[in-house]
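These numbers come from a predicted model, not from an experiment.
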Amino acid sequence: MNEQIYVNGEVVSSDLPLRSLFYGEGVFETFRYKSKLPAYFHKHYSRMSQGATLIKIPIPDAVHVKELIDKASFNTDIEDAYVKVCLLSEGRSEFHKYSESSKALVIIREYKKPPDTVTVWVNSFNRNSSSPILRIKSLNYLENVLARRAAIDLGFDEALFLNDRQEITEGAASNIFWLKDEALFTPSPECGLLPGVTRSLLLDISAEIGLYVREGRYSLQDILGSECAFFTNSVIGAVRISKINESEMPIDNDAFTVLAVKLAQKLMWE
């Protein structure tokens with residue numbers, strides 16, 4: 001017998017992405033769309049595909065996804081846009097069932113230039129470093145929502161997560177880096193974080209300009225003692241951190257300037 005779904009007492013179509021709605025079963029990507037798909041769209045699609053494979057959602061091929069994004073962009077006539085593409089999971093409502101099909105959803109809005117610096121609040125609850133969900137960009141995003149809201153309510157711009165070992169992991173919607181003694185530091189994925197597309201680009205750039213790259217397990221004190229700390233993602237590029245909780249952070253750093261410029265060039269933003 002088919003399920004019947006009621007909203008406000010009225011029967012509605014069963015053709016809804018129920019599994020995304022009920023369980024956050026789905027994956028997404030966000031990026032800047034400056035009159036065309038980003039230079040590294042294939043990396044975004046690859047990550048989306050890997051996430052869909054992990055949670056067993058059918059995924060359309062890359063050509064179809066590109067066409068959907070290009071069509072949406074053309075219809076909105078926005079030259080410099082923020083784009084979010086989501087793969088929504090359809091199927092029965094029992095939580096342990098598998099996805100039967102998927103739908104692609106595209107959101108487009110005007111791109112908003114990020115600030116030069118951001119302030120950061122260390123979140124009150126920790127990441128579970130062993131969770132497989134942290135390593136994919138899933139729609140199960142409520143922890144991130146709560147963390148960002150809490151930071152904003154306290155007068156900060158972004159939240160920073162620690163894990164169950166009190167190690168730095170990531171921001172609510174960003175990866176984190178810091179510079180010290182001619183080296184670039186960032187938490188290892190094993191700490192429980194999403195390995196971002198922009199994160200991987202920055203690691204490559206660092207090697208190209210002769211910065212030592214140090215991925216590992218670090219505490220909050222490690223970043224507080226740095227020469228410059230910053231967040232990255234595929235919408236903001238690289239943005240410096242001016243304050244963590246009540247600790248002021250240095251923001252003037254030549255190496256950061258070089259990294260940020262080269263990153264913008266690779267992303268074809270300049």
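Between the T257 side chain and the N253 main chain, a donor and an acceptor come within less than 3.5 Å of each other. A donor-acceptor pair is defined here as one N or O able to donate and one able to accept, closer than 3.5 Å; such a pair exists between the side chain of S20 and the backbone of E25. Of the possible donor and acceptor atoms, one in the side chain of T76 sits under 3.5 Å from a partner among the backbone N and O of S73. Side-chain N or O atoms of S46 include none that pairs as donor or acceptor with a backbone N or O of H42 at under 3.5 Å.
The structure places CD1 of I78 at 14.0 Å from OH of Y111, a figure rounded to the nearest 0.5 Å. Once rounded to the nearest 0.5 Å, the distance linking OG of S188 with OH of Y218 reads 9.0 Å. In this structure, the separation between CG on D80 and CZ on R32 is 4.0 Å, given to the nearest 0.5 Å. The distance from the CG atom of L179 to the OG atom of S226 is 7.5 Å, given to the nearest 0.5 Å. Taking CD1 of I133 as the start and CG of N140 as the end, the distance is 6.5 Å to the nearest 0.5 Å. Of the inter-residue distances, the one linking D61 atom CG with K66 atom NZ reads 10.0 Å to the nearest 0.5 angstrom.
Residue-environment remark: CD (Q265) exceeds the threshold of 12 foreign heavy atoms within 6.0 Å. Heavy atoms from other residues, nucleotides or ligands lying under 6.0 Å from CZ of F125 number more than 12. Heavy atoms from other residues, nucleotides or ligands lying under 6.0 Å from CD of E94 number more than 12. Atom CG of N75 is surrounded by more than 12 heavy atoms from other residues, nucleotides or ligands within 6.0 Å. Heavy atoms of other residues, nucleotides or ligands lying less than 6.0 angstrom from CG of D153 number more than 12. Dense packing is recorded around CD of E208, with more than 12 heavy atoms of other residues, nucleotides or ligands lying under 6.0 Å away. When the shell of 6.0 Å around NZ of K262 is examined, it contains 12 or fewer heavy atoms from other residues, nucleotides or ligands.
With contacts defined as side-chain heavy-atom distances shorter than 4.5 Å, the pair D181/E227 qualifies. With contacts defined as side-chain heavy-atom distances shorter than 4.5 Å, the pair K43/P38 does not qualify. Within the 4.5 Å cutoff, no side-chain heavy atoms of N163 are placed close to those of N126. Between E215 and P189 the shortest side-chain heavy-atom distance falls below 4.5 Å. Residues L68 and L105 have side chains not in contact (no heavy-atom distance under 4.5 Å, counting atoms from C-beta outward). Using a 4.5 Å cut-off on side-chain heavy atoms (C-beta onward), T53 and I59 make no contact. Two residues are said to be in side-chain contact when any heavy atoms from C-beta on lie closer than 4.5 Å; I176 and L160 meet this criterion. Considering only heavy atoms from C-beta on, E29 stays 4.5 Å or farther from L87 through its side chain.
A donor-acceptor contact closer than 3.5 angstrom is absent between the side chains of T198 and N233. Using modelled atom types, one finds no donor on one side chain facing an acceptor on the other under 3.5 Å when comparing S219 with Q221. A donor and an acceptor atom, one from each side chain of E158 and S174, are located under 3.5 Å apart. A donor atom on one side chain and an acceptor atom on the other are found under 3.5 Å apart for Y6 and Q4. A donor-acceptor contact under 3.5 angstrom links the side chains of E90 and S101, judged on distance only.
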task = Assess whether side chain to side chain contact (heavy atoms under 4.5 Å, CB included) is satisfied between L139 and V27, documenting all intermediate values.
result = CA-CA 5 Å; L139 295 178; V27 289; over 6 Å; no

message = Using side chain to side chain contact (heavy atoms under 4.5 Å, CB included), reason through I223 and I168 one step at a time and then give a plain yes or no.
response = CA-CA 9 Å; I223 193 168; I168 296 169; 3.6 Å; yes

inquiry  = side-chain hydrogen bond (donor to acceptor under 3.5 Å, both in side chains) for T232 and N175? Distances and angles first, verdict last.
reply    = CA-CA 5 Å; T232 65; N175 289 123; 4.6 Å; no

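Annotation: ring pair (Phe, Tyr, Trp, His ring centres under 6.0 Å) contacts of F177 (sequence neighbours excluded): F230. Taking the salt bridge (charged side-chain N to carboxylate O under 4.0 Å, His left out) definition, one finds that R217 meets it with E167, sequence neighbours left out. For E110, there are no salt bridge (charged side-chain N to carboxylate O under 4.0 Å, His left out) partners at least two apart in sequence or on another chain.
Of all the heavy atoms in G26 and I57, the pair that sits closest is CA-CD1, 3.6 Å. For Y33 against D70, the heavy-atom pair with the smallest separation is OH-OD1, 2.6 Å. Closest heavy-atom contact between C191 and S129: O-CB, 3.1 Å. Contact record, R47 with P195: NH1-O, 3.3 Å, taken as the closest heavy-atom pair. Here the closest non-hydrogen pair linking W269 and V235 is CH2-O, 3.3 Å. Summarising the geometry of N245 relative to K243, their closest heavy-atom pair is O-CE, 3.0 Å, with the distance given to 0.1 Å.
Both V85 and I55 are part of a single hydrophobic cluster, where members link through side-chain heavy atoms under 4.5 Å apart. No chain of hydrophobic side-chain contacts below 4.5 Å, direct or via other Ile, Leu, Val, Met, Phe, Trp or Tyr residues, connects L202 to F41. Cluster membership check: F185 shares its hydrophobic cluster with V122, using side-chain heavy-atom separations under 4.5 Å among Ile, Leu, Val, Met, Phe, Trp and Tyr. In the hydrophobic clustering of this structure, F31 groups with I108; members are Ile, Leu, Val, Met, Phe, Trp, Tyr whose side-chain heavy atoms approach within less than 4.5 Å, directly or through other members. Under the 4.5 Å side-chain heavy-atom criterion for ILVMFWY residues, a single connected hydrophobic cluster contains both Y45 and I69.
For the side chain to side chain contact (heavy atoms under 4.5 Å, CB included) with V213, the lone residue among D204, I205, L203 that qualifies is L203.
A salt bridge is absent between E170 and R199; no separation between the charged side-chain nitrogens and carboxylate oxygens falls under 4.0 Å. With respect to the salt-bridge test (charged N to carboxylate O, under 4.0 angstrom), the residues D116 and R240 do not qualify. One finds no salt bridge joining R19 and E100 here, because no Lys/Arg side-chain nitrogen approaches an Asp/Glu carboxylate oxygen to under 4.0 Å.
Cation-pi contact between K112 and Y82: absent, since separation from the ring centre below 6.0 Å together with deviation from the ring axis within 45° is not met.
Checked against the 6.0 Å centroid threshold, F95 and F22 do not count as a close aromatic pair.
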